[in-house]
Amino acid sequence: MLCLAIESTAHTFGVGIADGKGNILANARDTYKPKAGWGIVPMEARQHHEDVAGKVMEEALAQAGKGLKDIGIIAFSQGPGLPPCLYAGLNFSVGLSKSIKKPLIGVNHCIAHIEIGRLTTKRKDPVTLYVSGANTQVIAFVSERYRIFGETQDIGIGNALDKFGRQAKLEFPYGPKIEQHAKGGKWIGLPYVVKGMDLSFSGIVTEAGKKLSQGESMSDVCYSLQETTFAMLTEVVERALAHTGKREVLLTGGVAANSRLQGMLDTMCRERGAEFAVVPREYSGDNAAMIAWTGILASRSGAKPLAAKKAEILPRWRTDQVDVRWIRR
Ligand code: ATP
Ligand code: FE2
């Protein structure tokens, strides 16, 4: 059974195809790029997604060497995300499901980031650090759900880095630029904000911006921004490991591409005798292969297909609201 899936929660419009054995046959995408100095403009992103949808789907079918007649299930990223972007994906998916008369499955985007990580790194039961633009969550599977042990109280770590990058007039994409500038930097001190198991980043970004305007070097500020925020994340992951007694850590989401964050978590895991795994670069940022694979897991474990007329977007759908029927412990 092949699942063709649509991703459209934010910048990226993607089409992925997966089979029932966990083979990813296609992972096509096209990403909206905001104007220099701007963040995402949701209506522009929606227009982008609508414009490229047909082309990206053709590309995915070509990558897989398949036609629409071979597809058994349509899945789409139902939330969380920006409503205009989600509508682009919903409308395209509903139209497709009607035209090829195949069931439509709604997938939670955050859970898909975890499932593609588990699939590609062969981890069974990790504590997951899911770090992307909008999301920052420390998650572990307990009692039939992916429970959130800690999360950001304001912006996601990716958006925090992007916000600083824009203020500092770096080039897009900001995360990798900050990573480059941080090399060779020295510690100048920034606030460290962990509240229980939760985190807060926006005050640190403001402070980092101030340091820059007070004449500290770009390299030192980028270094301190990474060291501070990544140490905060590592601390919370370590406590989740100790609390749950799990032995594996999985790093997933767009910010998983950062080698300093990988290094810090790796060191912490070594010291605790836990195994550490990072999702491969191709699947760290938003992609539809992860939606296709999660669509397979959900439909195999009895998820009800959505009726085309009633299908809706779920912009605030939380990780811990999903019944994860495909894992039994
Ligand atoms: P979500 O809906 O899951 O929040 P998203 O739209 O933010 O997803 P992702 O592609 O998962 O998208 O993540 C994008 C984020 O990853 C951006 O904020 C970007 O700056 C960040 N990022 C990418 N590469 C790096 C890197 N090397 N270091 C730090 N951050 C990075
Ligand atoms: Fe994402």
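Ligands are counted one by one from 1 in listed order, and the atoms in each one are counted from 1 as well. Computation of the quantities below employed the complete heavy-atom set of this structure, encompassing side-chain atoms and omitting hydrogens, waters and symmetry-equivalent molecules.
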Positive for salt bridge (charged side-chain N to carboxylate O under 4.0 Å, His left out) with Asp125, one of Lys246, Arg247, Arg118: Lys246
What do you reckon, does Arg281 have a nitrogen or oxygen under 3.5 Å from a nitrogen or oxygen of ligand 1? no
Do Ser259 and Glu179 have side-chain atoms, one donor and one acceptor, less than 3.5 Å apart? yes
Out of all atoms in ligand 1, which are within 4.0 Å of some heavy atom of Tyr130? Include the element for each. 1 (P), 3 (O)
Presence of salt bridge, Asp266 and Arg270, under 4.0 angstrom: yes
Closest approach of any protein heavy atom to atom 27 (N) of ligand 1, naming residue and atom: Glu179 OE1, 2.8 Å
With a 4.5 Å limit on heavy-atom distance, are the side chains of Ile17 and Leu61 in contact? yes
Taking atom CD of Gln214 as the centre, report whether more than 12 heavy atoms of other residues, nucleotides or ligands fall under 6.0 Å from it. yes
Let me know which of Leu261, Leu129, Val255, Asn258 forms a side chain to side chain contact (heavy atoms under 4.5 Å, CB included) with Ile157. Val255
Distance in Å, Ile291 CD1 paired with Ser77 OG, rounded so as to fall on 0.5 Å steps: 3.5 Å
Give the numbers and elements of all ligand 1 atoms closer than 4.0 Å to a heavy atom of Asn135. 1 (P), 2 (O), 3 (O), 4 (O)
Salt-bridge test for Glu227 and Arg260: reply yes if a basic N is under 4.0 Å from a carboxylate O, no otherwise. yes
Check ion pair Arg145-Asp320 (N to O, under 4.0 angstrom): no
If you count every heavy atom of other residues, nucleotides or ligands that lies below 6.0 Å from Lys55 atom NZ, does the total exceed 12? yes
Give the residue, atom name and distance (to 0.1 Å) of the protein heavy atom nearest atom 4 (O) of ligand 1. Ser132 OG, 2.5 Å
Is any N or O atom of Gly253, backbone or side chain, closer than 3.5 Å to an N or O atom of ligand 1? no
Which protein heavy atom lies closest to atom 19 (C) of ligand 1, and at what distance to 0.1 Å? Asp162 OD1, 3.8 Å
Under-4.0 Å salt bridge between Glu282 and Arg29: no
Please check whether Asp286 reaches ligand 1 - meaning an N/O of the residue sits under 3.5 Å from an N/O of the ligand, judged on distance alone. yes
Enter the distance from Ile24:CD1 to Tyr283:OH here, rounded to the nearest 0.5 Å. 5.0 Å
Side chain, backbone, both or neither: the part of Thr12 lying under 4.0 Å from ligand 1 by heavy atom: neither
Distance-only N or O hit between ligand 1 and Gly254, under 3.5 Å: yes
Any carboxylate oxygen within less than 4.0 angstrom of a Lys/Arg side-chain nitrogen, looking at Glu275 and Arg123? yes
Which bit of Pro176 gets closer than 4.0 Å to ligand 1, counting heavy atoms only: side chain, backbone, both or neither? both
Derivation of the side-chain hydrogen bond (donor to acceptor under 3.5 Å, both in side chains) call for Asp30 and His48: CA-CA 9 Å; Asp30 194 303; His48 163 271; 2.8 Å; yes
I'd like to check which ligand 1 atoms, numbered from 1 as shown, lie under 4.0 Å from a non-hydrogen atom of Ala10. 6 (O)
Using a strict cut-off of 4.0 Å, indicate which atoms of ligand 1 neighbour a heavy atom of Leu161. 29 (C), 30 (N)
Could you state the interatomic distance from OG (Ser284) to CG (Leu251), rounded to the nearest 0.5 Å? 8.5 Å
Once the angle between the rings of His109 and Tyr130 is folded into 0 to 90°, is it parallel (under 30°), tilted (30 to 60°) or perpendicular (over 60°)? tilted
Give me the nearest non-hydrogen protein atom to atom 7 (O) of ligand 1 as residue plus atom name, then the distance to 0.1 Å. Gly133 N, 2.6 Å
Starting from atom 2 (O) of ligand 1, what is the nearest protein heavy atom, named by residue and atom, and what distance separates them? His109 NE2, 3.4 Å
Could you tell me, atom by atom, which parts of ligand 1 come under 4.0 Å of a heavy atom of His113? 3 (O), 11 (O)
Could you find the nearest protein heavy atom to atom 21 (C) of ligand 1 and give me its residue, atom name and distance? Val255 CG2, 3.8 Å
Going by the order shown, which atoms of ligand 1 are within less than 4.0 Å of some heavy atom of Ala134? 4 (O), 7 (O)
Minimum-distance protein heavy atom relative to atom 28 (N) of ligand 1: Asn258 ND2, 3.0 Å
Is ligand 1 less than 4.0 angstrom away from at least one heavy atom of Pro173? no
The Fe ion (ligand 2): which protein N, O or S atoms are under 2.8 Å away? His109 NE2, His113 NE2, Asp286 OD1
Can you tell me which residue and heavy atom of the protein come closest to atom 31 (C) of ligand 1, and the distance to 0.1 Å? Gly175 CA, 3.7 Å
Do Thr12 and Asp286 meet the criterion of a side-chain donor-acceptor pair at a distance under 3.5 Å? no
Contacting atoms of ligand 1, where contact means under 4.0 angstrom from a heavy atom of Gly158: 18 (O)
